[in-house]
Student: 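Quick one: this structure, given as structure tokens, is what I'll be asking you about.
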Number of protein chains: 4
Amino acid sequence: MPLSGNQIEKMKVKRDKILEQAIILFSEHGYNDTTISKVAKASGISFGSVFTYFENKEELFHHAVVERLKELSPLLLDFDPNAEDPYKELEAMIDKHIRLFASVGTYLRLVTQVIGQHQRFERQFKELDRFYYTFRYKIADLVAKGQSSGQLRSEVDPLTSSIAYTSFLMGIRLNLADQPEHDIWSDFAPVAIRLFGPNLP
Amino acid sequence: MPLSGNQIEKMKVKRDKILEQAIILFSEHGYNDTTISKVAKASGISFGSVFTYFENKEELFHHAVVERLKELSPLLLDFDPNAEDPYKELEAMIDKHIRLFASVGTYLRLVTQVIGQHQRFERQFKELDRFYYTFRYKIADLVAKGQSSGQLRSEVDPLTSSIAYTSFLMGIRLNLADQPEHDIWSDFAPVAIRLFGPNLP
Amino acid sequence: MPLSGNQIEKMKVKRDKILEQAIILFSEHGYNDTTISKVAKASGISFGSVFTYFENKEELFHHAVVERLKELSPLLLDFDPNAEDPYKELEAMIDKHIRLFASVGTYLRLVTQVIGQHQRFERQFKELDRFYYTFRYKIADLVAKGQSSGQLRSEVDPLTSSIAYTSFLMGIRLNLADQPEHDIWSDFAPVAIRLFGPNLP
Amino acid sequence: MPLSGNQIEKMKVKRDKILEQAIILFSEHGYNDTTISKVAKASGISFGSVFTYFENKEELFHHAVVERLKELSPLLLDFDPNAEDPYKELEAMIDKHIRLFASVGTYLRLVTQVIGQHQRFERQFKELDRFYYTFRYKIADLVAKGQSSGQLRSEVDPLTSSIAYTSFLMGIRLNLADQPEHDIWSDFAPVAIRLFGPNLP
DNA sequence: AATGAATGAGAGTTCATTCAT
DNA sequence: AATGAATGAACTCTCATTCAT
């Protein structure tokens, strides 16, 4: 007798709940200080049940890192590298990114841990790195377009600009880690655009 | 019987050795996965001896974070906020910072951990934050000078520029965590200066 | 609604399948390393269903030990202690036993476990011991007959001979545990008869 | 500062105590039902200390099996396959073996487990098997000598006799597992000699 | 001061069993 | 009857810390 649709739905909800709590706890206390028992308690289930949904702690961590990435990546990649007006597209992109980074602080602390200890979290790091590859090259494309059109200065390589920009985003996120998610973020949009060397009037 | 000068010297050397290895191990494997035993082995002493020099693991971690900070902070603060030519001073500062950040990658991964989990490492975070307060305001002062002199554009608040710059430095460091310490870093100096909004000819 | 004959038949088949797999797994991996889940998988059913047929793991083990014993005991006791020609009967018996022991290796490893840990498997051990009592005395009777008739030497007590013989059978089985079930076994028939002290011409 | 001789002595005593209790518990309750905690309690030390002496449970079990074997093997091999009077030597050997098997019942139950589950305890089984190889061939040599001298009948291969004999010993040990170690054993010496086919007057 | 044996709290994980579907 | 999600007791093992030598 297979599980009913209702059952499956309930399980999906439970799984999401665990993952959500896992992201919070992993990001706040780190991998080792987040015990399965704490995740279970936070999720309102018995600790044995966590193992029904995730084979082991490693796997839980992996899914916490990777599944959220899958959700976020289309949002981060939501800009057109071949836009008619590259500068305007860049401004819009920065605006979106800053809003997004401001809102997913908890998850990004998790990302920070993975990057900071990439040898230990090799598997997770690879997934992040794969996305990051796509991300930085897509931005670089847009920058190149802006340089060709004369909207951006050309003395810096587009890829270097792109890396600088993404680093800046992560740096801000790290820096404001303890700040509540608020307006401060919007102050940084006009600074971010400077990284790309706009040709000002 | 008081310790001879020679004895004291020997102990200082040993203590430094432990701290040095602790920084490496804590930054590579994180707090929990760095055991006292591993630090002792890396330092060439018995694990029991670590407790002769540091009361407990927490304390060892604390000193690993704080003592190196004490060494680095004068280097990071080595610029004159009242310089005659603020723009030139800024360029020189950026150059120094980038060289420095490129060379202390291991330590900065430790810093990243503390910042990323500031609730957990509250005590260490406070020390870092105290320095960071001084650091960002000193930079902001120099930026304000540059704005007054007309060398820098004024549409962004000096403190915001300062925070953006320091975030950028940390972001680059995180981003290039897996890179050997090399020339890539120097590529970012011309990008960094952009953050301050230079009035270009 | 009572179960149909067909249903009952199906269940019997399923129960036998479980028992068969349980014997294999228990004998190969021991009690603790044989999980209900593994037995279920080997039997092609869900692990929950095992509990439909056997109250708990202990009970499953018990039936695995005892039910096969019930099948085997008439075969082991298939000789006539009052045979006209006791020596010939003994030879025939040994032949049967050796063939049988050669063919039920898996089950006998289970028996070995129960005997080897009789305190732990007290209940199962008692069942085996009850059979063994009958078994050894029946053999002893035949030996006594052979001694009276002068076919066997009399310096050893018939019961001692009987115990020696049954021990020998188990010992061989244990010894050849890793051997495939083959001809080696038949080599031991002429040795076995020696245990009874035949009066050779 | 290295450990003093006294310290080392104390540790050796403690290690032996653990091993002794481990043999008892493993043989009575089996591998899985013998917890490290029980071994520690029986040995009068803290549970953590077991790991000071044995890397893990597997290792403890291994040493329990192997170290005792090392002690026993010279005793079991203490006969001369080239003796002047092979039959007499055989009788003396049987006598020694039977006394020995009677006295090391606990250990032999451990051996039984290893043999009975040789796949699981592969490493231990190999060690036992290596000894057994030497053992059975040395006996076979003595038997061959006895056959040449005409003291033993020749219709059975010496090696087969040897295997039969060693199997018999283990079988008796298994059979009398629940018996206190007493005289019953001596009854089996005259039966054992029969296995070798003595040419009786 | 230096060593490392001793300790036990606490972690991850397994699995028999229950029970709702 | 059949399924498999839920539970938590019990296990192995790690490691910071203490302390006798």
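Lettering follows sequence order; numbering is per chain, from 1. Since we're looking at a predicted model, the values are computed, not measured.
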Student: Under 6.0 Å from the ring centre and within 45 degrees of the ring axis: does the NZ or CZ of A:Lys126 meet both conditions for the six-membered ring of A:Phe121?
Tutor: no
Student: Could you tell me the separation between the CZ atom of D:Arg15 and the C1' atom of E:dA5, rounded to a whole number of Å?
Tutor: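 After rounding, the reported distance stands at 15 Å.
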Student: For A:Ser49 and A:Ser46: C-alpha separation, side-chain torsions, deciding distance, then whether side chain to side chain donor-acceptor pair (under 3.5 Å) applies.
Tutor: CA-CA 5 Å; A:Ser49 291; A:Ser46 84; 3.2 Å; yes
Student: Heavy atoms within less than 4.0 Å of DNA chain E: which residues of residues 49-64 of chain B have one? Give them sorted by number.
Tutor: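 Those residues are B:Ser49, B:Thr52, B:Tyr53.
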Student: Within this structure, what is the NZ-to-P distance between B:Lys12 and E:dA1, rounded to whole angstrom?
Tutor: 17 Å
Student: After noting the C-alpha distance and the side-chain angles of B:Glu28 and A:Arg120, does the key distance pass the side chain to side chain contact (heavy atoms under 4.5 Å, CB included) rule?
Tutor: CA-CA 8 Å; B:Glu28 279 181 8; A:Arg120 186 180 168 200; over 6 Å; no
Student: Could you check how far CD1 of A:Ile8 sits from C1' of F:dT3, rounded to whole Å?
Tutor: 13 Å
Student: Of the listed nucleotides (F:dT21, E:dG4, F:dG4), which one gets closest to any side-chain atom of C:Phe47?
Tutor: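 Closest nucleotide among those given: F:dG4.
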Student: Considering only NZ, NE, NH1 and NH2 on the basic side and carboxylate oxygens on the acidic side, decide whether A:Glu67 and A:Arg15 come within less than 4.0 Å.
Tutor: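 The answer is yes: the pair qualifies as a salt bridge.
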Student: Checking D:Leu69 against D:Tyr107 for the side chain to side chain contact (heavy atoms under 4.5 Å, CB included) test, could you report, in this order, the C-alpha distance in whole Å, the side-chain angles of both residues, the deciding distance, and whether it holds?
Tutor: CA-CA 9 Å; D:Leu69 175 66; D:Tyr107 175 68; 3.4 Å; yes
Student: Is there a residue in residues 18-32 of chain C whose heavy atoms reach under 4.0 Å of DNA chain F, and which residues are they?
Tutor: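 Heavy-atom cutoff 4.0 Å gives no residues at all.
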Student: May I ask you to say whether C:Arg123 pairs ionically with C:Glu58, meaning some side-chain N is under 4.0 Å from a carboxylate O?
Tutor: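 Here C:Arg123 pairs with C:Glu58 in a salt bridge, since their nearest N and O are under 4.0 Å apart.
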Student: Under the side-chain hydrogen bond (donor to acceptor under 3.5 Å, both in side chains) rule, collect the residues that match up with B:Asp16, sequence neighbours excluded.
Tutor: B:Lys12
Student: Any ring-ring contact (aromatic ring centres under 6.0 Å, His included) involving residues 32-54 of chain A? Give me the pairs, sequence neighbours left out, ordered by first then second residue.
Tutor: A:Phe54-A:His63
Student: Could you tell me whether C:Lys10 contacts a base, only the sugar-phosphate backbone, or nothing, with contacts defined as non-hydrogen atoms closer than 4.0 Å?
Tutor: nothing
Student: Which residues in residues 33-43 of chain C have at least one heavy atom lying under 4.0 Å from any atom of DNA chain E?
Tutor: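 Heavy-atom cutoff 4.0 Å gives C:Thr34, C:Thr35, C:Ile36.
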Student: How are the rings of B:His118 and B:Phe125 set relative to one another: parallel (under 30°), tilted (30 to 60°) or perpendicular (over 60°)?
Tutor: tilted
Student: Dot-bracket, DNA chain F: Watson-Crick or G-U, under 3.5 angstrom, [ ] crossing, | other strand?
Tutor: .||||||||||||||||||||
Student: Applying the side chain to side chain donor-acceptor pair (under 3.5 Å) test to A:His62, which of A:Lys57, A:Gln124, A:Glu55 qualifies?
Tutor: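 When side chain to side chain donor-acceptor pair (under 3.5 Å) is applied between A:His62 and each of A:Lys57, A:Gln124, A:Glu55, only A:Gln124 qualifies.
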Student: Closer to the 5' end of DNA chain E via nearest nucleotide, is it D:Ile45 or B:Lys14?
Tutor: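 Nearer the 5' end of the strand: B:Lys14.
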